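Bear in mind that the values here come from a model prediction, so they are computed numbers and not experimental data. In what follows, every chain begins at residue 1, and chains take the letters A, B, ... in the order their sequences are listed. Computed over heavy atoms, backbone and side chain alike; hydrogens, waters and symmetry mates excluded.
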2 protein chains.
Amino acid sequence: MATSPASAASAASSGTRVLLHPTLAEIRLERVLHALSDPVRLRVVRALAETRDGLPCSLIDLPVSKSTTTHHFRVLRQSGVVRQQYRGTAKINELRRDELDWLFPGLLAGVLEAARQQEARPAPAVR
Amino acid sequence: MATSPASAASAASSGTRVLLHPTLAEIRLERVLHALSDPVRLRVVRALAETRDGLPCSLIDLPVSKSTTTHHFRVLRQSGVVRQQYRGTAKINELRRDELDWLFPGLLAGVLEAARQQEARPAPAVR
DNA sequence: CTCATCGTACGAGAAGCATCGTAGTTTGAC
DNA sequence: GTCAAACTACGATGCTTCTCGTACGATGAG
């Protein structure tokens, strides 16, 4: 059996502000799926999936206000999908890809691929 | 490119009661993920995934009332995850597996596998 | 026809969630 | 110290969702 990737209870932080992340054992599939089921959040995840070192919130432009953006990033963090850390005044977001892959092999890849497929298809007129 | 599996606008029904299903083009990833993000519905999907020919609602025992069960099956049908058809007084449910695989290759398998993985893991005490 | 079974429709209540604006905190630059 | 930038906290609002009970409709068995 594989060993789990670098354990998640990371308290190591450059500054004082620490953000709570669920440990691997606390990540629940239902919560992850719910986090991914919002169009705005799915968009965030897709953007993060294309980077190697994460992005600050401010670089992902979203069709919602700043406070709503904060809300969505919190949902993603609390569900275990992203890791966030402060770096100066910015907050860097990155996918917890290795950890999710360890927990749920193929899930993230499946969702990302599905999102790509859907984008390549004509969107239905109304909904 | 693959051709789509047997088109979805099936009006062929033995009785009179017809149920509306989204066509392939109408199935949205976000809706599917949302449908799968409820514990009760995920349980249903897992049960259906283990059968070949579908199951009547009444054979999947769920920790909710009958009317709530109806609600969850409707969500699953409207999101495009299951197909339902009347058969006598019963209503048979089956996964739209081929169609989902065509739309979103690997997604369903990823989710089902993730559910299995999670079940094999110790559940966290509280949540 | 009568009846039991299976599922639906219709409210209705409680909870959750997405969204926003405004006011605040933290940080680095000057 | 002062200032701008990045993000958060809080409260409010309106929508969706999960849950239920009760009453109803459709089907097949007797």
Practice item. Check whether any side-chain nitrogen or oxygen of A:R87 sits under 4.0 Å from OP1 or OP2 of C:dG28, and answer yes or no. Key: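 So the side-chain polar atoms of A:R87 never come under 4.0 Å of the phosphate oxygens OP1 or OP2 of C:dG28.
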Review point. D:dT19, D:dA6, C:dG7: which one has an atom nearest the side-chain heavy atoms of B:Y86?
Key: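 Closest nucleotide to the B:Y86 side chain: C:dG7.
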Check your understanding: In whole Å, what is the span from the CG atom of B:L42 to the P atom of D:dT17?
Key ->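 In whole Å, D:dT17 P and B:L42 CG are 18 Å from each other.
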Review point. Just how far, in rounded Å, is P of D:dT16 from CD of B:Q78?
Key: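 Taking atom P of D:dT16 as the reference, CD of B:Q78 is at 13 Å.
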Practice item. Return the value, rounded to whole Å, for the distance between atom NE2 of B:H71 and atom C1' of D:dG21. Key: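 Between C1' of D:dG21 and NE2 of B:H71: 16 Å.
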Point to revise | Selection from D:dC20, D:dT19, D:dA9 that lies nearest to any side-chain heavy atom of A:R74 | key: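 So the side chain of A:R74 is nearest to D:dA9.
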**Study point:** B:T70 side chain to B:S67 side chain, donor-acceptor N/O pair below 3.5 angstrom
**Key:**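 B:S67 and B:T70 do not have a side-chain donor-acceptor pair below 3.5 Å.
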Review point. Out of D:dT19, C:dC20, D:dC7, which nucleotide sits closest to the side chain of B:T68?
Key: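 The listed nucleotide nearest to B:T68's side chain is D:dT19.
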Point to revise | For A:L108, the option from A:D101, A:V81, A:V32 that meets side-chain contact (heavy atoms from CB on, under 4.5 Å) | key: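 Per the side-chain contact (heavy atoms from CB on, under 4.5 Å) rule, the option paired with A:L108 is A:D101, out of A:D101, A:V81, A:V32.
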Exercise for review: Just call it for A:S58: base, sugar-phosphate, or nothing, with non-hydrogen atoms closer than 4.0 Å on any strand.
Suggested key: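 If one applies the 4.0 Å heavy-atom cut-off, A:S58 turns out to touch the sugar-phosphate alone, with no base involved.
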Practice item. Consider the side chain of B:R41, meaning its heavy atoms from C-beta on, and name the nucleotide among D:dC7, D:dC18, C:dG7 that approaches it most closely. Key: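 Nearest to the side chain of B:R41 among the choices is D:dC18.
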Review point. Contact class for B:H72 vs. all strands (heavy atom < 4.0 Å): base, sugar-phosphate, or nothing?
Key: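 Since only primed, P, OP1 and OP2 atoms lie under 4.0 Å of B:H72, the category is sugar-phosphate.
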Review point. Roughly how many Å is it from CZ in A:R77 to C1' in D:dA9, rounded to a whole number?
Key: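 Computing the A:R77:CZ to D:dA9:C1' distance gives 13 Å.
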Review point. How long is the line joining NZ of B:K66 and P of C:dA4, in whole Å?
Key: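 Computing the B:K66:NZ to C:dA4:P distance gives 14 Å.
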Check your understanding: Salt bridge between A:E119 and A:R116, side-chain N to carboxylate O under 4.0 Å?
Key ->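 Looking at A:R116 together with A:E119, the answer is no, because their closest N to O distance does not fall below 4.0 Å.
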Check your understanding: To the nearest Å, how far apart are A:F73 CZ and D:dC7 P?
Key ->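 Nearest whole value for this atom pair: 8 Å.
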**Study point:** Selected nucleotide, minimal atom distance to B:H34 side chain, candidates D:dC18, C:dG7, D:dC7
**Key:**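 Ranking D:dC18, C:dG7, D:dC7 by closest atom to the B:H34 side chain puts D:dC18 first.
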Review point. Of all the choices, C:dT19, D:dC7, C:dG7, which nucleotide is nearest to the side chain of A:P56 once you look at every atom?
Key: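 It is D:dC7.
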Check your understanding: Quick one: A:Q85 CD to D:dA6 P, roughly how many Å, whole number?
Key ->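 Distance check: A:Q85 CD to D:dA6 P gives 18 Å.
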Practice item. Using atom CG of A:L36 as one end and atom P of C:dA18 as the other, report the distance to the nearest whole Å. Key: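 Going from CG in A:L36 over to P in C:dA18 covers 12 Å.
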**Study point:** 5'-most by nearest nucleotide on DNA chain C - A:T89 or A:D38
**Key:**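 Comparing both residues, the 5'-ward one is A:D38.
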**Study point:** Sidechain-backbone polar pair: B:N93 side chain, B:L55 backbone, donor-acceptor under 3.5 Å
**Key:**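 Yes, B:N93 side chain to B:L55 backbone: donor-acceptor pair under 3.5 Å.
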Practice item. Would you kindly check whether a donor in the side chain of B:S67 faces an acceptor in the base of D:dG21, or vice versa, at under 3.5 angstrom? Key: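 Flag set: donor-acceptor pair detected.
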Practice item. Going by the side-chain hydrogen bond (donor to acceptor under 3.5 Å, both in side chains) test, name the single residue among A:E99, A:E94, A:H21 that passes it with A:R83. Key: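 That would be A:E99.
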